[in-house]
Structures are given as structure tokens and as C-alpha cells.
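Below: the structure, in C-alpha cells.
Scope of the values below: all heavy atoms of this structure, side chains included, with no hydrogens, waters or symmetry mates.
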Amino acid sequence: MVAALSIGLVGCDEVAEHAQVGTPIDDGVTFRTVIDNGVQVNGPLVNGMRMNGMRMNGEVMNGMRMNGMRMNTSELDSFAITSGSLITALLDSIQRSGAELVDAEYEFDYEISPGSFENKRLKIFSVVQSGSDDDIYFNDVRYQVDATTWEYLCRDGASNPTEAIALNFAWDERTGSRIEYADAFTWACRGAALAKAVEWGYAPWRSVGATSLKDAHQAAVRMIRADYCGTGASHTVNGNPIDVSDKWGIQQPGTAWPVEAKWGPDGAVCLNTPRRLSWTRAAVIAECVAAGKGVLPTCSTTSPSENGGLLMTQTQAL
């Protein structure tokens with residue numbers, strides 16, 4: 001099998017009804033009515049490690065190919081992401097998934113220069129199913145440093161180890177945009193925008209009626225990072241509280257805070273006062289105009305759908 005691999009650009013306590021057999025259940029709360037935004041598209045640098053000047057845990061790596069999948073001494077085949085974020089593969093012609101793939105290792109080649117590849121290896125140490133969303137799985141993924149050492153692929157903003165959610169497609173760390181390579185997937189680190197958007201209810205594989213939430217997920221990535229112009233430029237700091245709602249009622253307002261902005265996959269569709277006083281509305285508008293997006297109108301209603309929006313944020317500017 002050959003596939004492209006993109007490695008990051010982040011509840012209730014009852015057992016999920018459709019729990020994967022043998023897979024532990026995580027009962028952690030992942031969403032609050034008033035939540036913390038964040039700057040990272042995906043996880044921060046892995047211990048400051050860079051590969052040929054590119055972030056191992058931060059950029060789309062166009063030259064990456066995945067191969068040589070194995071579990072112990074057996075070869076794995078037909079790697080896929082199914083049932084949301086559940087990873088599956090064939091082992092001895094039998095489909096394995098979830099915790100059945102603990103100890104699976106993945107070799108991949110990273111293109112360090114045109115036509116020149118360096119071999120790396122990842123390993124799954126644990127798989128835990130969300131206690132509140134039975135289609136979300138948290139993977140402890142690590143990369144091999146030497147013959148005896150495996151380092152966490154994902155760390156949060158405080159450098160604590162965290163898990164990853166497997167997502168189809170890739171995201172460009174610089175622009176925050178989804179890139180729909182047919183054979184690519186991303187390990188989205190919990191606590192950063194790609195994973196937060198999933199855990200907040202906007203999983204890109206889900207639908208509301210006949211409407212895919214793929215664009216809602218992309219809009220949430222922009223919203224979390226206050227990427228008003230859709231260029232990848234963040235206008236916030238980690239921990240800034242925001243009140244999130246959307247046109248479908250997946251999340252609903254919990255405060256009487258002023259409306260900050262409405263959001264679509266390309267950024268804000270209208271803007272009032274930015275959530276950080278470090279940026280004025282005029283300064284943000286100037287950025288958007290310079291980026292070719294034009295002048296963002298002000299938001300005049302409390303409907304997330306205004307100006308074609310999908311999501312809405314309310315904030316107390318800090």
C-alpha cells in the first residue's frame with residue numbers, strides 16, 4: 001500500500017452504545033458552553049524537532065508516502081479510516097480496528113529533497129473511544145527516535161503528551177486550508193484547531209440532513225484561530241474564551257456576550273469587534289482587503305446564517 005501522510009498542521013461518562021469491542025472508553029469532557037480558542041492549526045513542534053526545516057507536527061508534507069505497515073511480524077494492508085475516525089487495516093486477511101491495532105507500526109518516507117527520501121516510523125501505543133461521541137477515537141501515536149525510544153507525536157501547548165484523531169485529507173499549516181488529496185490523512189492533535197473542531201461537534205465526516213459538515217469543520221478551524229481573512233493568520237491567543245453557536249443548533253449560545261463574527265470555510269463572513277483588543281476592526285479589514293477578500297461587513301443579527309455564515313462567535317473582547 002502507498003499513501004500520502006500528513007502529520008499535524010486539538011462529555012458524558014456513559015459508555016457509547018456502539019463502542020468498538022475491546023477499545024477503552026474515554027469519559028473526559030471535551031466541550032463547554034464557553035470554550036477556549038487556540039492558535040495552533042495542529043500540534044506544536046515535537047520537542048522542537050524539525051525535518052529539513054519543516055515541522056514534523058505542523059505542516060503538510062507533500063513528499064510523504066506510507067508503506068511497510070506491520071504489527072509484530074505480520075504485514076498490515078488496506079489501511080483506512082472508517083466509522084468516523086476509526087482506523088482499520090487487514091491483518092492476515094482479517095479486518096482489525098481500534099485497540100486491535102495497538103502496536104501497529106507504520107513506516108513512511110519523507111522527501112528531504114527532490115527524489116531523496118528519509119525513512120521514519122510511527123507506532124500506535126493505545127486507542128481510546130470517546131465516551132460522548134462513538135465515532136471519535138483518540139490515538140496515542142509516537143515516532144521512533146532510536147532503537148529503544150519512542151517520542152510522543154502530539155503535545156499540547158504546555159508540552160504535555162496528548163492524543164491524535166485520524167482525519168482524512170490534509171491541511172496546510174501555513175494557510176489552515178484543507179487539501180483533498182485522495183490518499184492522504186492527518187493525525188490531528190487534541191487541543192489544537194483540527195481536533196477541537198471535531199470534538200466541538202463539527203466532525204467533517206458527519207452530516208446534518210443532507211448537508212455535509214466538512215465546510216463547518218473548516219469554518220471551525222478558522223473560527224478557533226480567529227483567522228478572519230482565511231489566510232492562516234491568527235488573531236488570538238491560547239485560552240481566549242469564546243461562545244460558539246451554529247446554524248444547525250449543534251452548539252447554542254450560552255451567554256449574552258456581543259457577537260464577534262460569523263464564519264464560513266474561508267474565514268469570517270462578517271465582523272464586529274475582534275476578540276483581542278490587540279487587533280482593531282480597521283486593522284483586520286485592511287488585512288482582508290490586502291489578501292483580496294474585500295471589506296467584511298459588520299454583523300447585524302444574532303443568526304449564525306447571516307451573510308451565508310455557518311458558525312457564530314460571541315466574545316468579550318480582551
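Between A268 and L296, the shortest heavy-atom contact is O-CD2, 3.2 Å. Considering all non-hydrogen atoms of both residues, S97 and T88 come closest at CB-CG2, 3.5 Å. Pairing each heavy atom of R276 with each of T236, the nearest pair is CG-CA, 3.6 Å. Of all non-hydrogen atoms in L310 and P265, the two that sit nearest each other are CD1-CD, 4.0 Å. In this structure, Q129 and D134 approach most closely via the heavy-atom pair NE2-O, 2.8 Å. L213 and G201 get closest at one heavy-atom pair: CD1-O, 3.8 Å.
Side-chain contact between L311 and Q251 is absent, with no heavy-atom pair separated by less than 4.5 Å. Side-chain contact between Q314 and V259 is present, with at least one heavy-atom pair separated by less than 4.5 Å. Side-chain contact between E287 and H235 is present, with heavy atoms from C-beta onward closer than 4.5 Å. The shortest side-chain heavy-atom distance between K214 and R178 falls under the 4.5 Å cut-off. Residues W205 and V198 meet the side-chain proximity criterion, which asks for heavy atoms closer than 4.5 Å. Between R281 and T273 the shortest side-chain heavy-atom distance does not fall below 4.5 Å. When side chains are defined from C-beta on, W257 does not count as touching R275, because their heavy atoms never get closer than 4.5 Å. D135 has its side chain out of reach of L86: every pair of non-hydrogen atoms, C-beta onward, lies at least 4.5 Å apart.
Cluster membership check: L122 shares its hydrophobic cluster with V145, using side-chain heavy-atom separations under 4.5 Å among Ile, Leu, Val, Met, Phe, Trp and Tyr. Cluster annotation: V208 is connected to V244 through the hydrophobic network of ILVMFWY side chains, with a link wherever side-chain heavy atoms come within less than 4.5 Å. Cluster membership for Y152 and W150, using ILVMFWY side-chain heavy atoms within less than 4.5 angstrom, is not shared. At a threshold of 4.5 Å between side-chain heavy atoms, the hydrophobic network of Ile, Leu, Val, Met, Phe, Trp and Tyr places F125 and V141 in two separate groups.
Note that the OG1 atom of T82 and the CG atom of N168 stand 9.5 Å from one another [nearest 0.5 Å]. Distance check: N272 CG to T315 OG1 gives 9.0 Å after rounding to the nearest 0.5 Å. Put simply, CG on L101 and NZ on K123 are 13.0 Å apart, with the number rounded to the nearest 0.5 Å. One finds the OG atom of S85 at 9.0 Å from the CH2 atom of W187 (value rounded to the nearest 0.5 Å).
The closest donor-acceptor contact from the side chain of D243 to the backbone of P253 lies at 3.5 Å or more, if one exists at all. In this structure, the side chain of N307 does not engage the main chain of C270 through any donor-acceptor pair within 3.5 Å. At distances below 3.5 Å, not a single donor-acceptor pair connects side-chain atoms of K293 with backbone N or O atoms of T231.
In the model, S177 has a side-chain atom that pairs as donor or acceptor with a side-chain atom of R222 under 3.5 Å.
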Give the C-alpha distance, both sets of side-chain angles, the deciding distance and a yes or no for side chain to side chain contact (heavy atoms under 4.5 Å, CB included) between T301 and K262.
CA-CA 10 Å; T301 74; K262 316 288 177 66; 3.6 Å; yes
Side chain to side chain contact (heavy atoms under 4.5 Å, CB included) between D133 and R206, intermediate numbers included
CA-CA 12 Å; D133 297 280; R206 294 181 189 160; 3.2 Å; yes
Quick one, T255 with Q316, criterion side chain to side chain contact (heavy atoms under 4.5 Å, CB included). Give me CA distance, side-chain angles, the key distance, then yes/no.
CA-CA 10 Å; T255 71; Q316 290 182 312; over 6 Å; no
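The side chain to side chain donor-acceptor pair (under 3.5 Å) test with W263 is passed by exactly one of T313, D246, D227: T313. Between E163 and the choices R190, R142, R155, the salt bridge (charged side-chain N to carboxylate O under 4.0 Å, His left out) rule is met once, by R190.
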